[in-house]
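Everything on this sheet refers to the single structure shown next.
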There are 2 protein chains.
Amino acid sequence: MQDRKQRVTLKHVAKAVGVNVSTVSRALDPAATHHVSPELAEEIRKASRKLGYKPNAAAYSLKTNRTRTIGVVVPDIADPVFPPIIRGIEDGLGLHDYVSIVANTDNDARREERVLETLNSRGVDGFILATTKRRDALIPRLTEGKPVISIIRKVDDARFSSVVHDEDEGIRRLLTHLVSLGHREIAHIAGPQEVSTGFMRYSAYERYRKLLGASPAGTLAVFARTFSEEEGERCAEELLVTGRAFTAVVCANDQLAIGAIAAFQRRGLLCPDNISVTGFNDIPLVDRLQPPLTTVRVQHHKLGFESALLAVEALRASGKTPKTSHMVLPIELVVRASTRAVRPPMPPGKVGARKRDAERAD
Amino acid sequence: MQDRKQRVTLKHVAKAVGVNVSTVSRALDPAATHHVSPELAEEIRKASRKLGYKPNAAAYSLKTNRTRTIGVVVPDIADPVFPPIIRGIEDGLGLHDYVSIVANTDNDARREERVLETLNSRGVDGFILATTKRRDALIPRLTEGKPVISIIRKVDDARFSSVVHDEDEGIRRLLTHLVSLGHREIAHIAGPQEVSTGFMRYSAYERYRKLLGASPAGTLAVFARTFSEEEGERCAEELLVTGRAFTAVVCANDQLAIGAIAAFQRRGLLCPDNISVTGFNDIPLVDRLQPPLTTVRVQHHKLGFESALLAVEALRASGKTPKTSHMVLPIELVVRASTRAVRPPMPPGKVGARKRDAERAD
DNA sequence: GCAAATCCTGCAAACGATTGCAAAAATCCT
DNA sequence: AGGATTTTTGCAATCGTTTGCAGGATTTGC
């Protein structure tokens, strides 16, 4: 009747060796193996290997209240920034025999609440969250005091560790690059301000814009509601109707930039001939676009990897110092063809008007 | 001392209501709730809600030997075809309170063996595998008789269900499309033949090529070792050195197509002016490339979703008919600018030679 | 109105590990 | 050599569920 052959348990190997299960348990636990005589331990290990013993994770969890599982929450795994991050998380966790369960929220607070509850009932030991808002009431309430690592974004709460990219430096490099190409009127398509990436990139834009003397007439920013191509298009249109002149646009991420370029092009503004555009993240294929996108390369895999290590470290130290740490990963400016020196110097005046320059530049 | 407040268990709600835990257990189990009087059941449910009872997954698993967890194995989650599939899996599993644990193999058999063992020791109830080979010895050995759904690829073993795209129809549509544009000499950059997608697309190419009377001089196929842009470039070069003439190339997936287009362009062969190229999968951003890629759109999310449903269904029926089912999802041809009518009719002769036509077509 | 059937609930034994405690054995010390 | 100490091992409780079994209460049939 039993089509599935019985798994071998501690009891089986105990019987095989002729000792008590507790002895086997200790012999197999590296942390307690010194409590059993070396020869016996070796014999037990051999027997357990021969019988093909595999510990039962459920029993272990029930007893120890640890699952060696981390809950990972992202807006949408299909957004191209997340796969390499998740891969990094899995690689990092795998080093310590942890696994992850990932859940998507679609940026919906109710969904987020639900997935956190699900993860809790699964008994995850800790969380890696890519969905945190700057002020996030949900998190403290639903993580049951377990370690939380906020990735990509930061939450304004000292209890939560974080690992993020150096957004500030990324924006600084982009602006410096554009200014060095002669751009002065530099617009910004900002991301949603309730998430820290959107906010940080926007405030970096403001800060360095002033510092570098760009857009001296005042800020030239519009705000996207999501980090999507569609919003990029919408925001580009919005920039055009302001009537303000600009020769370059710093976009808060690659998708916004792609949308913006498309919208500009539809209005006869070619990138980079008439306008330079930059992205952020360097997602796959943006190097193959026409023009290839100037952007900021971030270390997605590493970010995931480090957050995983941080999580298991926090778990090991559990009870001790629940020290939170904050990690900022360096970025890299990658200059491609979507940015170019201003030439000829932009005539002051309306830009929204159709504007067909020479189709081909040198 | 206890910084983490105690989770509420069956015992707590039992005490609160004044009944035995077994009664609570039954009242809360929809399948057994009729074994307890309706009023009492309601009272118990209310109390459990008020106390915030959340079942302990570990205890449940230990007792029932079911984890409501599915192991998902992919080559690399960072490959753009997988994220939407995984999202689909998670959406499908979520409907039934299942979750997934995903693991990457990097197409390495040893790694695959390791991750399968890990998943087994986690006690997953079943597997969804995107890594199967056509003849795969690993799978039967390491899945312990649990349900296995092979996705994207098929394995030649009646025990395993599968859900795949209609590769055959996809290739047929591409070839028909090209032939209708006047192409006759149509090459193929095939994927790895040990995986069923590579194999199926290649054999479909051969079959329909003959049927449609394309490449009458005989097959014109080269084989990529991986589904990557680099291999696409290499294979394109390889095609050129054959000296055979061709006006179109059907590539086994989008990445190969992207690489091929780049390689052709480096040799002065423009797509689509001099050569038409097609992809497969319609991954993100291929619509934004220059030229936008003609390709076959597959239903990634749905594929994942359906495989998830199949998996839980197999689990429900466990013990009953372990009927395996095979599902083939329809595809969709999406014609973009990387394919164009041959014009002027290709002069027979060498193609490898540099060949600059009018830069701009009609 | 009484025996039989049915319904509801509780008891207790699992599931497979970990771990404090105690007993037994080995080792040490003087 | 004999008591004290340490090392090695076993016993048994426990984690939070599920579930077969049985007994008590209730309903049913005649």
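Heavy-atom basis, side chains included; hydrogens, waters and symmetry copies ignored. Every chain is numbered from 1 and lettered A, B, ... according to where its sequence line falls, protein lines coming before strand lines.
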Where the side chain of A/R153 meets the backbone of A/T132, is there a donor-acceptor pair that is under 3.5 Å apart? yes
Nucleotide by nucleotide, nucleotides 17-25 of chain D touches protein heavy atoms under 4.0 Å in the pattern (B base, S sugar-phosphate only, - none) BBBB-----
(message) Can you tell me if B/K154 has over 12 outside heavy atoms packed within less than 6.0 Å of its NZ?
(response) no
What one should report as the nearest heavy-atom pair of B/I89 and B/S100 is CG2-CB, 4.5 Å
Notebook entry, point to check: If you draw a 6.0 Å radius around CZ in A/R141, do more than 12 non-hydrogen atoms from other residues or ligands fall strictly inside?
Noted result: yes
To the nearest angstrom, the CG-C1' distance between A/N65 and C/dA17 comes to 14 Å
B/E42 CD to C/dC8 P, in whole Å, measures 15 Å
B/H12 NE2 to D/dC15 C1', in whole Å, measures 12 Å
### Query
Can you check salt bridge (charged side-chain N to carboxylate O under 4.0 Å, His left out) on B/R45 and B/E42, steps first, answer last?
CA-CA 5 Å; B/R45 256 171 276 141; B/E42 188 47 43; 3.1 Å; yes
Axis-to-axis angle across the helix from C/dG1-D/dC30 to C/dT30-D/dA1, five pairs each end, nearest 10 degrees, ~ 30°
Cationic N near anionic O, under 4.0 Å, B/R87 to A/D106
yes
Donor-acceptor pair between A/S61 and A/R68 side chains, under 3.5 angstrom
no
Comparing B/L62 with B/A41, nearest DNA chain C nucleotide closer to 5' gives the residue B/A41
Note: B/L51 and B/A16 closest approach over all heavy atoms is CD1-CB, 3.9 Å
note: A/L28, atom CG; C/dT19, atom P; distance rounded to Å ~ 14 Å
